[in-house]
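Structure record follows, encoded as C-alpha cells.
Just so it is clear, the values below take in all heavy atoms, side chains as well, and ignore hydrogens, waters and symmetry mates.
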Amino acid sequence: MLLALLGKYLSPYKGPILLVCLFQFAQTIASLYLPGLNAKIIDDGVAQGDTAYIWQVGALMLGVTVVQVVCNLIAIYIGARIAMAVARDLRAAGFSKVESFGRREVREFGAPTLITRNTNDVQQVQLLLFVTLTLLVSAPMTAIGGLILALREDVQLSGVFLVVLPTLAITLGILIKRMRPLFRLMQTRIDTLNHIMREQITGVRVVRAFVREEHESERFARANELNREIAVQTGRLMAVFFPLLMGFMNLSVVLALWWGAKRVGSGDIEIGQLIAFQQYLIQTLMAVMMSTFIFMIWPRSEVAAERITEVLETVPEIDMDADFPPIAIEWGQVHVGSATYAYPGAEYPVLQDVSFTANPGEMVAIVGSTGSGKSTLLGLISRLLDTTEGSVLLDGYNVKGIRPIDVWSAIGLVPQKAFLFSGTIASNLRYGDPDASDEDLWEALRIAQAKDFVEALPEGLDAPVSQGGTNFSGGQRQRLAIARALVKKPVVYLFDDSFSALDYATDAALRSELAKVTQESTVIIVAQRISTIRNADQIIVLDEGHIVGLGKHDELMEACDVYREIVLSQISEEEAS
C-alpha cells in the first residue's frame with residue numbers, strides 16, 4: 001500500500017527523481033574511486049618515496065572529494081524538495097477528501113484521527129521518502145560496488161562478507177518484524193492523545209465549571225503514559241540498530257585486519273591492497289547502515305500510508321461530483337416522502353416513514369424530545385445526509401438526482417452549534433455571499449438583531465473573530481450565524497435550534513423581522529421554545545423518529561399528547577390556549 005501511494009504521487013516528479021539518481025550515481029562513483037587512489041599513494045608513492053607522485057594523486061583525490069560533496073548536496077536538495085512536494089500533495093488530497101465527507105464519514109473516522117492522518121501520518125511518509133531519495137542509488141550501488149572492488153583486491157579476504165552480511169540481514173529482519181505492530185499502536189495512541197486534548201480545549205469552560213481539572217489531567221496523563229510506553233518499546237528496538245551495526249562493522253574490520261595481516265606477511269597482497277580492502281569493507285557496511293534508516297522508518301511509514309489511503313479511498317455517501325446537469329432551485333418547495341434514515345451499525349432507524357410538505361411563504365416548525373431525529377431530518381433536507389429509504393424533493397426534484405452544489409446553493413442553514421471562522425465579522429458574513437456589499441451585511445445584522453453590538457465594536461464589520469467565535473457570547477454567535485444565512489438570501493431557510501441562546505425579547509424581535517424578509521421563502525425551524533414556533537403554519541411533532549403530530553398549535557394541543565406535554569412543561573394551560 002505504501003508503494004502504491006508513493007507511486008501515484010511521485011509520478012509527476014519523474015524528471016527531478018532522475019536528476020537525483022544521476023547526481024547520486026556520480027557521487028557514488030567518486031566515493032568508490034577514492035580507496036583505489038589511496039592504495040596507489042601507499043604502494044607506488046610512499047613505498048618508492050616519490051613525493052611528486054604523492055602530490056599528484058593527492059590533488060586528484062581532493063578533486064574527486066569535491067565532486068562527491070557537490071553531487072551529494074545537490075541530490076539531497078532535490079530529494080528534499082520532492083519529499084516536501086509529495087507531502088504537500090498528500091495533505092491537499094486528504095483535505096479535499098475530508099471536505100467531500102458527509103456527516104456519516106466524519107463520525108466514522110472522528111475529527112482527531114483525521115487531523116492525525118493529515119499531519120503526523122503524512123510527515124512519516126515524507127520522512128521515508130526523503131531518506132529513500134537520498135539513498136536511492138548511493139546505498140545499493142555503494143554496497144554492490146564496494147563488494148565487487150573488494151573481491152578484485154583479494155577474493156579470499158572477501159570471505160569476511162559471507163560471515164557478516166547474512167548475520168546482519170537476519171538480525172535486522174527480526175527487529176523490523178517486531179517494530180511494525182508497535183508503530184501501528186503508536187499512531188492509534190497519538191489519535192487518542194489528540195482526541196483528549198481537543199476535547200479538553202473545546203470543553204475547558206465545562207471542566208472549570210465542574211472543577212474537574214484534576215480528573216482531566218489524570219485522564220490525559222493516562223493516555224500520555226500509554227503513548228510513552230509504546231514509544232519507549234519502539235525506542236529500545238531502534239536503539240539496538242546502531243550499536244548492532246557498529247559492532248558488526250568493527251568486528252568485520254578487526255577480522256579483516258587479522259586475516260589480511262597474515263596475507264601481507266606471506267606476500268600474497270600488499271599493504272595498500274589491505275588498506276583499500278578495509279575501506280571497501282567499511283563503505284559496504286556503511287551503505288548497509290544507511291539503508292537501515294529506510295528499514296527503521298519503513299514500518300511506521302507503512303502504517304501511516306495505510307491510514308492515509310483509508311481516508312483517500314473512502315467513498316462518501318454523497319457524491320460531490322455527481323454527473324448531473326445544473327438545476328436552479330428557484331421556488332423552494334420541500335417535500336419529504338416516507339423518509340427513513342439509519343446510521344451505519346445502528347439497531348433502529350433514527351427517522352422512519354417521515355412525510356410532510358413545506359411550501360414557499362410558510363414557516364414549518366419541528367419539535368420533539370432530545371434524540372427524536374430533528375437535526376437528522378434537517379440533515380436530509382440539506383443533503384448533508386441521504387435517506388436510507390424514501391425521498392426528499394426540492395421543487396419536485398429528488399435531491400439524490402441533483403448536484404449537491406445546486407442543493408446547497410438554494411439553502412441557508414443555521415446549524416445547532418453556531419460556528420464562526422477565524423477572520424472578521426465581514427468575512428464570516430460573506431460566507432453567505434462573497435459579493436455582498438457592506439450595506440447588505442448591515443441589513444442582515446439589523447434583521448438578526450446583531451447590528452447594535454457590532455456597531456459598538458471599534459472595528460465594526462472588521463472586528464476580529466477568533467476560531468469558533470469564542471470571543472463572542474453564545475447569543476451573539478447565533479445572531480451572526482443567522483445574519484450569515486440572511487446574506488445568502490436563499491429560497492429555503494433551515495434553522496436548527498438557532499434561537500435557544502436568545503432572550504425572549506430578542507427572539508420575538510428577530511422573528512418579527514425575519515417574517516418580513518422570508519415571505520417568499522420556505523422556512524423550517526427546529527426549536528424547543530414554544531414561543532418561537534407556536535404561530536408556525538405547520539408544526540411537526542417527532543417522537544422516537546416518527547411523526548406523532550402534524551398541524552397548527554391549537555390543533556396539536558387537542559390531538560397530540562406529546563406536543564401538549566412539551567408545551568405545558570414551559571407555559572401554563574391558560575398561556576397555551
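- Judged purely by atom type and a 3.5 angstrom limit, Asp496 has no side-chain atom pairing as donor or acceptor with the backbone of Val414.
- With a 4.5 Å cut-off on side-chain heavy atoms, Val465 and Ile425 count as touching.
- Proximity of Ile82 to Phe130: side-chain heavy atoms (C-beta onward) are nowhere separated by under 4.5 Å.
- Tyr13 and Asp89 share a side-chain donor-acceptor pair at under 3.5 Å.
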- Would Ile533 and Ile539 count as a side-chain contact (heavy atoms from CB on, under 4.5 Å) if you check the C-alpha gap in whole Å, the side-chain angles of each, and the deciding distance to 0.1 Å? CA-CA 8 Å; Ile533 52 94; Ile539 300 174; 4.1 Å; yes
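- A salt bridge does not link Glu225 to Arg222: none of the charged side-chain nitrogens sits closer than 4.0 Å to a carboxylate oxygen.
- Arg307 has a carboxylate O that lies under 4.0 Å from a charged side-chain N of Asp121, or vice versa, which qualifies the two as a salt bridge.
- Atom CD of Gln467 has 12 or fewer heavy atoms from other residues, nucleotides or ligands within 6.0 Å.
- Ile524 has its side chain within reach of Ile366: a pair of non-hydrogen atoms, C-beta onward, lies under 4.5 Å apart.
- Between Arg529 and Asp507, at least one side-chain nitrogen of the basic residue sits less than 4.0 Å from a carboxylate oxygen of the acidic one, meeting the salt-bridge criterion.
- Ser473 and Arg477 form no side-chain donor-acceptor contact under 3.5 Å, judged by distance and modelled atom types alone.
- Counting heavy atoms from C-beta on, the side chains of Leu413 and Trp408 never come closer than 4.5 Å.
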- Item | Residue pair Arg430, Val487: steps toward the side-chain contact (heavy atoms from CB on, under 4.5 Å) verdict | CA-CA 7 Å; Arg430 287 195 171 99; Val487 169; 5.8 Å; no
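- Dense packing is recorded around CG of Leu457, with more than 12 heavy atoms of other residues, nucleotides or ligands lying under 6.0 Å away.
- Ring geometry for Tyr431 versus Phe421: interplanar angle under 30°, hence parallel rather than tilted (30 to 60°).
- Counting all heavy atoms, side chain and backbone alike, Thr234 lies closest to Met186 at OG1-CE, 3.1 Å.
- Between the side chain of Asp497 and the backbone N or O of Ala527 there is no donor-acceptor pair closer than 3.5 Å.
- How far OG1 of Thr113 is from CZ of Arg117: 3.5 Å, rounded to the nearest 0.5 Å.
- Donor-acceptor pairing under 3.5 Å is recorded for the side chains of Thr116 and Asn194.
- Using modelled atom types, one side-chain atom of Lys97 and one backbone atom of Thr314 make a donor-acceptor pair closer than 3.5 Å.
- Ring geometry, Tyr343 versus Tyr341: the interplanar angle exceeds 60°, so the pair is classed perpendicular (tilted spans 30 to 60°).
- Using modelled atom types, one side-chain atom of Thr119 and one backbone atom of Ile115 make a donor-acceptor pair closer than 3.5 Å.
- Checking side-chain atoms of Asp395 against main-chain N and O of Glu330 turns up a donor-acceptor pair under 3.5 Å.
- The 12-atom threshold is exceeded at CZ of Phe324, counting heavy atoms of other residues, nucleotides or ligands nearer than 6.0 Å.
- The local environment of CZ in Phe356 is crowded, with over 12 non-hydrogen atoms from other residues, nucleotides or ligands closer than 6.0 Å.
- Closest approach of Ala342 and Pro349 over heavy atoms only: CB-CA, 3.8 Å.
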- Item | CA sep, side-chain torsions, deciding dist, call: Tyr563, Asp543, side-chain contact (heavy atoms from CB on, under 4.5 Å) | CA-CA 10 Å; Tyr563 181 76; Asp543 186 39; over 6 Å; no
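- Looking only at side-chain heavy atoms (C-beta outward), Glu302 and Glu306 come within less than 4.5 Å of each other.
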- Message: I'd like to know whether Val334 forms a side-chain contact (heavy atoms from CB on, under 4.5 Å) with Thr357, so could you lay out the CA-CA distance, the side-chain angles of the two residues, the decisive distance to 0.1 Å, and finally the verdict.
- Response: CA-CA 6 Å; Val334 176; Thr357 300; over 6 Å; no
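- Residues Arg383 and Ile411 have side chains not in contact (no heavy-atom distance under 4.5 Å, counting atoms from C-beta outward).
- One finds the CG atom of Leu445 at 9.0 Å from the CG atom of Leu486 (value rounded to the nearest 0.5 Å).
- At a threshold of 4.0 Å, the pair Glu229-Arg189 does not count as salt-bridged, since none of the basic side-chain nitrogens sits closer than that to a carboxylate oxygen.
- For the atom pair CD of Glu513 and CD of Glu443, the computed distance is 8.0 Å after rounding to the nearest 0.5 Å.
- When only modelled atom types and interatomic distance are considered, Thr188 and Asp191 share no side-chain donor-acceptor pair under 3.5 Å.
- Of the candidates Val492, Ile402, Val399, Ile402 is the only one forming a side-chain contact (heavy atoms from CB on, under 4.5 Å) with Ile329.
- Val207 pairs in a side-chain contact (heavy atoms from CB on, under 4.5 Å) with only one of the listed residues (His215, Glu199, Glu213), which is Glu213.
- Annotation for Arg403: atom CZ counts as buried by contact number, over 12 foreign heavy atoms lying within 6.0 Å.
- Cys560 is listed as a side-chain neighbour of Val548, based on a closest heavy-atom distance under 4.5 Å.
- Between the side chains of Thr424 and Asp462, no donor-acceptor pair is found at a separation under 3.5 Å.
- One distance of note links CZ of Phe472 with CG of Leu480; it measures 6.0 Å at 0.5 Å rounding.
- No donor-acceptor distance shorter than 3.5 angstrom exists from the side chain of Thr340 to the backbone of Thr388, with no hydrogens or angles considered.
- Defined by atom type and a distance below 3.5 Å, a donor-acceptor pair is present between the side-chain atoms of Ser437 and Asp440.
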- Query: Can you check salt bridge (charged side-chain N to carboxylate O under 4.0 Å, His left out) on Glu216 and Arg219, steps first, answer last?
  - Reply: CA-CA 5 Å; Glu216 291 299 324; Arg219 182 175 166 224; 3.0 Å; yes
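- Distance alone, capped at 3.5 Å, is enough to place a donor-acceptor pair between the Asp406 side chain and the Ile327 backbone.
- Partner of Asn359 under the side chain to side chain donor-acceptor pair (under 3.5 Å) criterion, chosen from His335, Gln538, Gln333: Gln333.
- Here the shortest heavy-atom pairing between Ala410 and Pro490 reads O-CB, 3.4 Å.
- The minimum heavy-atom distance between Ser498 and Pro415, with the atom names listed, is OG-O, 4.0 Å.
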- Task: Would you sort out whether Asp503 and Thr506 count as a side chain to side chain donor-acceptor pair (under 3.5 Å), showing the intermediate values?
- Result: CA-CA 5 Å; Asp503 59 76; Thr506 304; 2.9 Å; yes
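- Counted within 6.0 Å of CZ on Phe419, heavy atoms from surrounding residues, nucleotides or ligands total more than 12; the atom is thus considered enclosed.
- Annotation for Glu544: atom CD does not count as buried by contact number, only 12 or fewer foreign heavy atoms lying within 6.0 Å.
- The shortest distance between side-chain heavy atoms of Leu556 and Arg564 does not fall below 4.5 Å.
- A donor-acceptor pair is defined here as one N or O able to donate and one able to accept, closer than 3.5 Å; such a pair exists between the side chain of Arg479 and the backbone of Gly475.
- A donor-acceptor pair is defined here as one N or O able to donate and one able to accept, closer than 3.5 Å; no such pair exists between the side chain of Lys400 and the backbone of Asp386.
- The local environment of CZ in Arg208 is sparse, with at most 12 non-hydrogen atoms from other residues, nucleotides or ligands closer than 6.0 Å.
- A salt bridge is absent between Asp452 and Arg446; no separation between the charged side-chain nitrogens and carboxylate oxygens falls under 4.0 Å.
- Thr532 places no side-chain N or O within 3.5 Å of a backbone atom of Gln528 that could act as its donor or acceptor partner.
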